[in-house]
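Here the structure comes first, spelled out in structure tokens, and everything after it is commentary.
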Amino acid sequence: MQQRLRPLVRFDGEPEVIRTAAGLDVAYREEVDELVAAVTVLDVASLSVIDNVVVRGEPEFPYVSGLFAFREAPPLLEALTRLSVEPDVLVCDGQGLAHPRRFGLACHLGVLTELPSIGVAKTAMGRYEPPNEQRGDWSPIRYDEEIVGRALRTQRGVKPVFVSLGHRFTLDAACELVLRLAPRYRLPETTRSADRLGRSMPNEE
DNA sequence: GCGACAG
DNA sequence: ATCTTGTCGC
């Protein structure tokens with residue numbers, strides 16, 4: 001399926017202006033075999049929350065590296081349909097092109113929704129040299145000799161995040177956006193907000 | 001058998 | 001992902 005959908009990824013059609021950005025994340029409660037898909041839409045200028053959606057469900061696919069989207073994309077797509085506003089870009093918690101078949105979660109969600117998307121992962125899938133120490137410094141991520149993304153330093157003295165393209169975006173714009181979304185912490189506020197939202201959902205109905 | 005291994 | 005323990009800084 002990934003090989004079939006891969007050709008649908010485009011890197012043009014980037015938004016003229018990016019006013020809103022959605023953060024997507026999935027939280028798990030293994031003890032009750034439940035997952036919570038959380039999507040939050042932020043105003044990029046103020047980083048204030050515009051919309052929140054959570055969807056409860058059960059995992060229907062195991063976690064397998066390289067097949068991550070088959071676990072998390074279904075509940076996230078369901079949550080996206082319930083948004084009251086259409087975000088200008090999806091900031092996904094995982095890889096985009098930095099993937100064995102160049103079709104990570106960010107590409108998957110971008111192609112299926114036809115919305116611009118980028119991937120911001122906490123660990124790298126390819127090889128990279130550590131970027132310099134200043135906020136904004138970056139180094140290329142290579143996977144099979146091919147440049148698939150950037151290790152981006154969002155805070156001084158902190159491990160970089162791993163940015164790769166999902167759909168309808170450019171790598172320069174993706175890194176610029178991530179820096180805007182991460183003025184204080186390592187991870188973009190979109191990811192932090194969605195993570196907080198999913199994790200704070202009470203048990204049961 | 002050994003090293004890798006998004007979340 | 002989640003959990004636990006310990007350190008550092010505001």
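Each chain gets a letter, A, B and so on, in the order the sequences are listed, and its residues count up from 1. Note that these values count all heavy atoms, side chains included, but never hydrogens, waters or copies made by symmetry. It should be emphasised that the depicted structure is a prediction, and the values quoted were computed from it without experimental measurement.
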* Asked: How is the base pairing of DNA chain C summarised as a dot-bracket string, given the Watson-Crick and G-U wobble criteria with both distances under 3.5 Å, [ ] for crossing and | for another strand?
  -> ..........
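- Going from atom OH of A:Y143 over to atom CG of A:L97 covers 12.5 Å, rounded to the nearest 0.5 Å.
- Applying the side chain to side chain donor-acceptor pair (under 3.5 Å) criterion to A:E78, with sequence neighbours excluded, gives A:R82.
- A search for side chain to side chain donor-acceptor pair (under 3.5 Å) contacts involving A:T190 returns nothing, not counting sequence neighbours.
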Atom pairs, N/O to N/O, protein against nucleotides 8-10 of chain C, distance under 3.5 Å?
none

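- Regarding A:R29, its CZ atom lies at a distance of 16 Å from the C1' atom of C:dC3, rounded to whole Å.
- Considering A:E146, A:Q95, A:Q3 in turn, A:E146 is the only one that fulfils the side-chain hydrogen bond (donor to acceptor under 3.5 Å, both in side chains) rule with A:R102.
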* To do: Would you sort out whether A:D51 and A:S84 count as a side chain to side chain donor-acceptor pair (under 3.5 Å), showing the intermediate values?
  => CA-CA 7 Å; A:D51 195 12; A:S84 62; 2.9 Å; yes
* Which dot-bracket string describes DNA chain B (Watson-Crick N1-N3 plus N6-O4 or O6-N4, or G-U N1-O2 and O6-N3, all under 3.5 Å; [ ] crossing; | other strand)? -> .......
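- Here A:Q2 contributes atom CD and A:H99 contributes atom NE2; the two are 4.0 Å apart, rounded to the nearest 0.5 Å.
- For A:D144, there are no side chain to side chain donor-acceptor pair (under 3.5 Å) partners, not counting sequence neighbours.
- Under the ring pair (Phe, Tyr, Trp, His ring centres under 6.0 Å) criterion, the residue pairs touching residues 145-198 of chain A are A:Y128-A:F162, with sequence neighbours excluded.
- For the side-chain contact (heavy atoms from CB on, under 4.5 Å) criterion with A:L177, the lone passing option out of A:D88, A:D172, A:V89 is A:V89.
- Every residue meeting the side chain to side chain contact (heavy atoms under 4.5 Å, CB included) condition with A:D12, not counting sequence neighbours, appears here in chain and number order: A:R10.
- In terms of the side chain to side chain contact (heavy atoms under 4.5 Å, CB included) criterion, residue partners of A:A182 (sequence neighbours excluded) are, by chain and number, A:T154.
- The distance from atom CZ of A:F11 to atom OG1 of A:T170, rounded to the nearest 0.5 Å, is 11.0 Å.
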Identify the pairs formed between an N or O of the protein and an N or O of nucleotides 2-7 of chain B at a distance under 3.5 Å, and give each distance.
| residue | atom | partner | partner atom | Å |
| --- | --- | --- | --- | --- |
| B:dC5 | O3' | A:S65 | OG | 3.2 |
| B:dA6 | OP2 | A:Y63 | OH | 2.3 |
| B:dA6 | O4' | A:Q95 | NE2 | 3.4 |
| B:dA6 | O3' | A:T123 | OG1 | 3.3 |
| B:dA6 | N7 | A:G66 | N | 2.9 |
| B:dA6 | N6 | A:G66 | O | 3.3 |
| B:dA6 | N6 | A:F68 | N | 3.1 |
| B:dA6 | N6 | A:H99 | NE2 | 3.4 |
| B:dA6 | N1 | A:L105 | N | 3.0 |
| B:dA6 | N3 | A:Q95 | N | 3.0 |
| B:dG7 | OP1 | A:K122 | N | 2.6 |
| B:dG7 | OP1 | A:T123 | N | 3.3 |
| B:dG7 | OP2 | A:T123 | OG1 | 2.6 |
| B:dG7 | O3' | A:D93 | OD2 | 3.0 |

Determine all donor-acceptor pairs shorter than 3.5 Å in which one atom belongs to a side chain in residues 58-76 of chain A; sequence neighbours excluded.
| residue | atom | partner | partner atom | Å |
| --- | --- | --- | --- | --- |
| A:R71 | NE | A:Y28 | OH | 3.2 |
| A:R71 | NH1 | A:F61 | O | 2.7 |
| A:E72 | OE2 | A:Y28 | OH | 2.7 |

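- For the atom pair OG1 (A:T40) and CG (A:D25), the distance works out to 11.0 Å, reported to the nearest 0.5 Å.
- For the pair A:D195 CG and C:dT2 C1', the interatomic distance rounds to 11 Å; values are reported in whole Å.
- The side-chain contact (heavy atoms from CB on, under 4.5 Å) with A:L83 is formed by just one residue from the set A:I50, A:N52, A:V53; it is A:V53.
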Which atom pairs link the protein and nucleotides 5-7 of chain C when you take only N or O atoms and keep those under 3.5 Å?
none

